[in-house]
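No experiment lies behind these values; they were computed from the predicted model shown. One-based numbering, in listed order, for ligands and for the atoms of each. When a residue number appears, it is its place in the shown sequence, counting from 1. Quick note: numbers below take in every heavy atom, side chains included, and nothing from hydrogens, waters or symmetry partners.
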Amino acid sequence: MTVKKSYFAILLTLYFYSCTQQEPIVFKETGGEKYRPLYHLTPESGWMNDPNGLIYLDGEYHLFYQHYPDSTVWGPMHWGHAVSRDLVTWEHLPIALYPDSLGYIFSGSAVFDAENSSGLGSPDNPPMVAIFTHHNAEEANTSSLTYQYQSLAFSLDKGRTWEKYEGNPVLPNPGIRDFRDPKVSQITKADGTKSWLMTLAVLDHINFYSSSDLKSWTLMGEFGKNVGAHGGVWECPDLLPFKTPAGEDKWVLLVSINPGGPQKGSATQYFIGDFENGQFTPDDTMIRWLDYGPDNYAGVTWSNLPAEQNRTLFVGWMSNWLYGNVVPTEAWRSAMTVPRELSLFDVDGTLLLKSAPAKELESLRAAEYDLNQQISALPSEATELIAEVNSDTFTLTLANELGEKVVISKENGLVSIDRRNAGKSDFNSDFAAIHSAPMSWEANEIRLFLDASSVELFVNNGELVMTSILFPTSPWKTLEVSEMLTSVEIFKLEK
Ligand code: FRU
């Protein structure tokens, strides 16, 4: 039921511990393991970073990821593998790609080679092809500059088993240390001819290559040396076609950068412009960020989505290289963000990229709570909240019985998430901080996705997004919202 009235301060005293209570607090932990999220993908154990090889095939969303199974800190990279049919429940599959004599398996992408252009499958059984960076760790310790190069692997059984291409690498290194993270997509020209396009991060810019067979690549153009944010190395690009709200064709180039993000450390910037024959021309030189929170990095989009889905689906690594290796989880480290649908919108003549929560997330809604009701706990660590904003200023505070809190607000044109006192933070001196983002236009609605160790804030269905990981010592119990937030709906999320 939706609460229509506005409240000055709706204080839900949700979980009662009297001051004199002696028994230890029993934390209600999703999945029985502290900080393990319910509906965000985490590795079963070990380390995870970037999403890789996002591809849809025959009803399955594949999500490969940078993975080190032997430790909870970054190490020799493998591609872990999970699949989902609904984007909220994930099945873990065996590791897809192991390091080999050419190196660790760094980030990359996957395509469905329907016409068997690569010859790695057959016309009857076309291959799924992974295009990734081999990182030769031994060579990286020398003065060599050529230890990162692009390679292929293929699968003829829907991603279950993989074989590396014997002709690896397919794109040798021209003498640049940072030369990685190929994102391949298929381009169909006006005359119907198809070619493969590789978007590659090269230190401080992006290279575009073309191929007819995924095996031999020709450099077409480069972009970015003197445009955009350059506080760190460029990584994990993606190039995406969109229609503007006015129906014009535009291309968006995502480029992750580390460090140099707006909240310190890692973040993803994007450019809007035109793309033709390997040349990307930005509309302007404005610096734009995909997510203004500290914890959405290296995100890319799914390939091979059926045309009838008519959407661009994105997921990011929900962490930051500033502290990703030291966050206080035990058997595993890192989660992915919720899947998001990207589109362009227009604010006073300026085009920006919107990230809306994927519609499948609504299937998690198990029960809705009426704020008038006496309830005894925040429904769960996995909770969604939606509220209307009836003035351009609001505050929402989640707190626990230990006095820890996270404060989400908009004031004076700045949207903020304040995690200065939101629980554990001693693992990194930059973690306990207030993160703010400029939003010059009006906020009308907010949507929050809470899980055991994260909050994702979507203002106006993703016109402004902030993703923040949090480690409260005990789960959030109370919710306080200012009177400017009305029609507050709270859903318990369940799988
Ligand atoms: C981005 C990144 C990529 C690289 C991978 C290594 O987070 O640094 O550039 O391929 O992680 O794990």
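Contact check on Asp418 versus Arg420 returns a salt bridge, with a Lys/Arg side-chain nitrogen under 4.0 Å from an Asp/Glu carboxylate oxygen. Classification of Asp426 and Lys424 as a salt-bridged pair fails, no side-chain N sitting under 4.0 Å from a carboxylate O. Salt bridge absent: Glu91 and Arg160 never bring a charged side-chain N and a carboxylate O closer than 4.0 Å.
Those atoms of ligand 1 with a heavy atom of Met77 less than 4.0 angstrom away are 12 (O). Here is the list of ligand 1 atoms found below 4.0 Å of a heavy atom in Phe106: 4 (C), 6 (C), 10 (O). Near Tyr297, the atoms of ligand 1 lying under 4.0 angstrom from a non-hydrogen atom of the residue are 1 (C), 7 (O). Every atom of ligand 1 is numbered from 1 in the order shown, and the set under 4.0 Å from a heavy atom of Gln66 is 5 (C), 6 (C), 12 (O).
No side-chain donor from either of Ser212 and Ser195 sits under 3.5 Å from a side-chain acceptor of the other. Side chains of Gln66 and Asn52: a donor on one and an acceptor on the other come within 3.5 Å.
Nearest to atom 1 (C) of ligand 1 among the protein's heavy atoms is Asp50 OD2, 2.9 Å. Nearest protein neighbour of atom 8 (O) of ligand 1, counting heavy atoms only, is Glu235 OE2, 2.9 Å.
Under the 4.0 angstrom criterion for non-hydrogen atoms, Trp321 is in contact with ligand 1. Distances shorter than 4.0 angstrom do not occur between any heavy atom of Tyr104 and any atom of ligand 1.
At least one N or O atom of Ser107, backbone or side chain, sits closer than 3.5 Å to an N or O atom of ligand 1.
Contact record, Phe449 with Leu493: CD2-CD1, 4.2 Å, taken as the closest heavy-atom pair.
Of the heavy atoms in Asn49, only side-chain atoms (C-beta onward) come closer than 4.0 Å to ligand 1.
Across Trp79, Phe154, Tyr98, Phe64, a single residue satisfies ring-ring contact (aromatic ring centres under 6.0 Å, His included) together with Trp162, and that is Phe64.
Phe208 and Phe223 have their aromatic ring centers separated by at least 6.0 angstrom.
Of the candidates Asp178, Asp181, Ile105, it is Asp181 that places a heavy atom closest to atom 4 (C) of ligand 1.
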